[in-house]
Amino acid sequence: MRYELVIFDNDGVLVDSEPISNRILADYLTELGHPTTYEDSIRDYMGAAVHRIHDLVMERSGQTLPAGFNETFHTRVFDAFRSNLQPVAGTSAVLNGLVERQIPYCVASSGSHERIRVALRTTGLYSYFGEERIFSAQDVGRGKPEPDLFLYAAKSMGVSPERCAVVEDSPLGVQAAVSAGMDVYGFAAMTAPAKLAGAKALFTDMSELSRLLG
């Protein structure tokens, strides 16, 4: 393989969490007086760190979200994850293939460390990663679309950016990977391909990824 490290996004790439979390977010923002549809949430927040929610609400309404917003939102999401979350179909096969070929990989997500771990443990994927292969926007302060998270993950894994491949499903994630100087493969299972402009290649079935990575 021409890459020395494969960096996976978590939500929507490893675990099928985007429909769950964005429905909860849309409902919660609407409940707080900021009418938001599921489609709005996908468009504005998919792939973003939680600070983007606060920033956009302030920008659009001039209002701050409640002090306990993050805790309440995450509690609702985690409860739903434990009941309904599933791995993205084909993910285990891809990870097994990387293990067999001894290709290093990790996860770099805009989600909190707790969110990543809840998701991976619930879906049975945690054993593929362990603590040393999990990176969160919490580690760097600025989440996607800034490149900081991907650069931090690559540095921590001891690989230069140009030798990294990123697997992303959100426009913000693709932008971050491109800014980091990494090749990015856009998973377009629930994202319009046009919104993943900048990706080296697009795919809609996880079984296609191994072939694309080479």
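Heavy atoms only: backbone and side chains are in, while hydrogens, waters and symmetry mates are out.
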Show me the side-chain donor-acceptor pairs of residues 170-181 shorter than 3.5 Å, one per line, residues at least two apart or across chains.
unit_1: Ser170; atom_1: OG; unit_2: Glu168; atom_2: OE1; d: 3.4
unit_1: Ser170; atom_1: OG; unit_2: Gly173; atom_2: N; d: 3.0
unit_1: Ser179; atom_1: OG; unit_2: Gln175; atom_2: O; d: 2.9

Side-chain atoms of residues 119-126: list all donor-acceptor pairs with protein atoms under 3.5 Å, sequence neighbours left out, distances to 0.1 Å.
unit_1: Thr122; atom_1: OG1; unit_2: Val118; atom_2: O; d: 2.7
unit_1: Thr123; atom_1: OG1; unit_2: Ala119; atom_2: O; d: 2.8
unit_1: Thr123; atom_1: OG1; unit_2: Leu120; atom_2: O; d: 3.3
unit_1: Tyr126; atom_1: OH; unit_2: Glu131; atom_2: OE2; d: 2.2

Report all side-chain donor-acceptor pairs from residues 87-95 shorter than 3.5 Å, counting only partners two or more places apart or in another chain.
unit_1: Thr91; atom_1: OG1; unit_2: Val88; atom_2: O; d: 2.8

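For Lys155, the side chain to side chain contact (heavy atoms under 4.5 Å, CB included) test picks out no residue, with sequence neighbours left out. In terms of the side chain to side chain contact (heavy atoms under 4.5 Å, CB included) criterion, residue partners of Ser110 (sequence neighbours excluded) are, by chain and number, Ala49, Lys144. Remark: Phe187 engages Phe203 in a ring pair (Phe, Tyr, Trp, His ring centres under 6.0 Å) (not counting sequence neighbours). Taking the salt bridge (Lys or Arg N to Asp or Glu O under 4.0 Å) definition, one finds that Asp44 meets it with Arg60, sequence neighbours left out. The side chain to side chain contact (heavy atoms under 4.5 Å, CB included) search around Leu202 returns Pro193, Leu196, Ala199, not counting sequence neighbours. By the salt bridge (Lys or Arg N to Asp or Glu O under 4.0 Å) test, Arg133 is found to be paired with no residue, residues two or more places apart in sequence or in another chain being considered. By the ring pair (Phe, Tyr, Trp, His ring centres under 6.0 Å) test, Phe135 pairs with Tyr152, sequence neighbours left out.
Phe81 and Phe78 have tilted rings, their planes meeting at an angle from 30° to 60° on a 0 to 90° scale. Between Phe129 and Tyr105, the ring planes lie perpendicular to each other; the angle is over 60°, past the 30° to 60° tilted range. Between Phe69 and His54, the ring planes are perpendicular. Angles over 60° get that label, and only those under 30° would be called parallel.
If you take CZ on Arg163 and CG on Asp183, they are separated by 9.5 Å, rounding to the nearest 0.5 Å. Rounding to the nearest 0.5 Å places CD1 of Ile103 at 7.0 Å from CG of Leu98. The distance from atom OG of Ser156 to atom CG of Asp139, rounded to the nearest 0.5 Å, is 7.5 Å. Residue Thr36 holds its OG1 atom at 9.5 Å from CG of Asp27, rounded to the nearest 0.5 Å.
Leu25 and Leu85 fall within the same hydrophobic cluster, defined by Ile, Leu, Val, Met, Phe, Trp and Tyr side-chain heavy atoms under 4.5 Å apart, directly or through other members.
Put simply, the side chain of Pro104 does not reach to within 4.5 Å of the side chain of Glu4, judged on heavy atoms. Side chains of Arg142 and Leu149 form no contact here, defined as non-hydrogen atoms less than 4.5 Å apart. Between Thr64 and Met58, the closest side-chain pair of non-hydrogen atoms falls below 4.5 Å.
Side-chain N/O atoms of Asp40 and Thr37 include a donor and acceptor closer than 3.5 Å. At a cut-off of 3.5 Å, with distance as the only test, no side-chain donor of Asn10 or Ser109 sits close to an acceptor on the other residue.
With respect to the salt-bridge test (charged N to carboxylate O, under 4.0 angstrom), the residues Arg23 and Glu18 do not qualify.
Residue pairs meeting the salt bridge (charged side-chain N to carboxylate O under 4.0 Å, His left out) criterion with at least one partner in residues 103-115, sequence neighbours excluded, are Asp11-Arg115. Legend: side chain to side chain donor-acceptor pair (under 3.5 Å) pairs involving residues 202-214, not counting sequence neighbours, sorted by first then second residue: Asp205-Ser207.
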